[in-house]
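Keep in mind the model is a prediction, meaning the values are calculated, not measured.
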Amino acid sequence: MDGSRWDEAIARMRARIDRTAATVRGGFPHYAEPAAGLWTVTPHGDWTGGYWNGMLWLTAAATGDDRYARLAGEWMERLRPRIDSQTSARGLLFYYGAALGAILTGNSVARELGIAAARSLAAGYNPQAEVIPMGAEFEEVHSVGLGESEVDVVQIAALLGWAARETGEARLREIGARHARRHIEFCLRADGSICQSASFDPATGKMTRRYTHKGISDSSTWARAQAWGILGWALAAHWTGDMTLLEPAERAAHWWNAHVPPDRVAYWDFDDPAIPHTNRDTSATAIAAAGMLKLAELATGEVRRYAFRQAAESAVGALVENFLGKEGGLWQGCYNKRIELATAHELIWGTYYLYESLHVLAGKIDAIKV
Ligand code: GLY
């Protein structure tokens, strides 16, 4: 696909950002229904509010238009009360919702909020388990607390690694790196596929079970678990400087590329026996593509870097060609098939990662800057 196609897709998505900014009320866009494109919102940001801010920060940086930076700043203030909420998903909320503002636009309030959230997260670190547990207020799944974690939040390491660079507090980087490394044992199978979640004994740190919150079964591969692993370990390697974390990211990416359907867009679970008569999850493909674009910068060896770039490019091309609506929404995301929640919808995080990837492919942003 030539460069102008990426620009055209960015313009489509930006038009939807403008419409959403002008019309959304009552909270952060979470997911949208396909008929009229209306958003279900979350008053306090749930685990996803940061992605909306992230799209505004990216647009501010790419256009130089201060209106987007002002808007992002206003939305970021709504996240301030979440700094100390007891959920490890704050790593996602504040990396995209705040730290990105500091990284991309130099916003000093964004820096302050991002650092505060990183320090608060680090305060919940369990040194026996070498992990920041999900916490009692983790937003969206059934088993939460001090003895649970999931691959979806490996990405916390990015916020901690960034905050360590900003403050010189090496402890934050060390906690981030350990948290990311522990999830290799928790979630990565020997063949490179990923199991979403794990329980551990908070007193000894010993893993007690592997299971899934959102996949079809504990032994299946839920597409978003696979994608979060690729992205989470790639980001963790970059921001903590622990380059051993590239190995799990690459192993997970190889597995993805060997198992994704020929049209490059994953179904919601790789092991759903109903494939192809079941839901896609475009958000999983967008996350995986964003992760592979980072591996295309970080992996050792030109051949490997080139292969990751090619895989990411064909995934993003397939999303744009077949799932990005004329109005700029990324459709056919599957939030939670187990409870039939938003199974063919626009999901704000999928939209964010497609938008980020398009900016990388169009040469407007460096893949490892964000
Ligand atoms: N827990 C994040 C997700 O559902 O992908």
### Query
Should K337 and D269 be marked as a salt bridge (Lys or Arg N to Asp or Glu O under 4.0 Å) after you check the CA-CA gap, both sets of side-chain angles, and the distance that decides it?
CA-CA 9 Å; K337 181 76 175 159; D269 190 302; over 6 Å; no

### Query
In terms of side-chain geometry, is the basic nitrogen of E356 or K294 positioned less than 4.0 Å from the acidic oxygen of its partner?
yes

### Task
Indicate whether the side chain of T87 and that of E139 have a donor and an acceptor atom separated by less than 3.5 Å.
yes

### Query
Between the main-chain N or O of A344 and the side-chain N or O of W331, is there a donor-acceptor pair closer than 3.5 Å?
no

### Query
Between I83 and V109, is there a shared hydrophobic cluster once you connect ILVMFWY residues whose side-chain heavy atoms come closer than 4.5 Å?
yes

### Query
Is the closest basic N to carboxylate O distance between R189 and D191 below 4.0 Å?
no

### Task
Is it possible for you to say whether Y95 and V131 belong to one hydrophobic cluster, with membership spreading through side-chain heavy-atom contacts below 4.5 Å?
no

### Message
Would the distance check show the side chain of N279 and the main-chain N or O of T343 forming a donor-acceptor pair, the cut-off being under 3.5 Å?
### Response
yes

### Query
Does R210 use its side chain to pair, donor to acceptor, with the backbone of L188 at less than 3.5 Å?
yes

### Task
Run the numbers on E185 and R182 for side-chain contact (heavy atoms from CB on, under 4.5 Å), then give the verdict.
CA-CA 6 Å; E185 178 197 343; R182 188 73 208 276; 3.0 Å; yes

### Task
Please check if the side chain of R90 supplies one atom and the backbone of A117 the other of a donor-acceptor pair under 3.5 Å.
no

### Task
Walk me through it: do D201 and T208 pass the test side chain to side chain donor-acceptor pair (under 3.5 Å)?
CA-CA 7 Å; D201 179 336; T208 53; over 6 Å; no

### Query
side chain to side chain donor-acceptor pair (under 3.5 Å) with S283: which of Y335, W349, W268?
W349

### Message
Could you check, using the six-membered ring where one of them is a Trp, whether F270 and W256 have ring centers closer than 6.0 angstrom?
### Response
yes

### Query
Are any side-chain N or O atoms of Q196 and backbone N or O atoms of I194, one a donor and one an acceptor, separated by less than 3.5 Å?
no

### Task
Determine, step by step, whether S197 and E148 satisfy the side chain to side chain donor-acceptor pair (under 3.5 Å) criterion, reporting the C-alpha distance in whole Å, the side-chain angles of both residues, the deciding distance to 0.1 Å, and the verdict.
CA-CA 7 Å; S197 311; E148 307 291 334; over 6 Å; no

### Test log, rule side-chain contact (heavy atoms from CB on, under 4.5 Å), inputs Q155 and W233
CA-CA 7 Å; Q155 193 271 1; W233 283 309; over 6 Å; no

### Residues D7, K364: salt bridge by 4.0 Å N-O rule
yes

### Task
Evaluate the criterion ring-ring contact (aromatic ring centres under 6.0 Å, His included) for residue pair F308 and H254; output intermediate values, then yes/no.
CA-CA 9 Å; F308 287 129; H254 288 310; 5.5 Å; yes

### Query
Does E8 come within less than 4.0 Å of R5, counting only side-chain N to carboxylate O?
yes

### Query
Any sub-3.5 Å donor-acceptor pair from S220's side-chain atoms to S217's backbone N or O?
yes

### Query
Centre of W75's six-membered ring, under 6.0 Å away, within 45 degrees of the axis: is that where NZ or CZ of R78 sits?
yes

#### Entry: All pairs passing ring-ring contact (aromatic ring centres under 6.0 Å, His included) where residues 196-220 contributes a residue, at least two apart
H142-H213, F186-F200, Y211-H213

### Check ion pair R80-E112 (N to O, under 4.0 angstrom)
yes

### Query
Do E327 and R19 meet the salt-bridge criterion of a basic N to acidic O distance under 4.0 Å?
no

### Query
Can you check whether K214's main-chain N or O pairs, donor with acceptor, with T212's side chain at less than 3.5 Å?
yes

### Message
Using the rule side chain to side chain donor-acceptor pair (under 3.5 Å), only one of T240, D242, T244 pairs with R181; which is it?
### Response
D242

### Query
So, for H30 and Y51, is the gap between ring centers shorter than 6.0 Å?
no

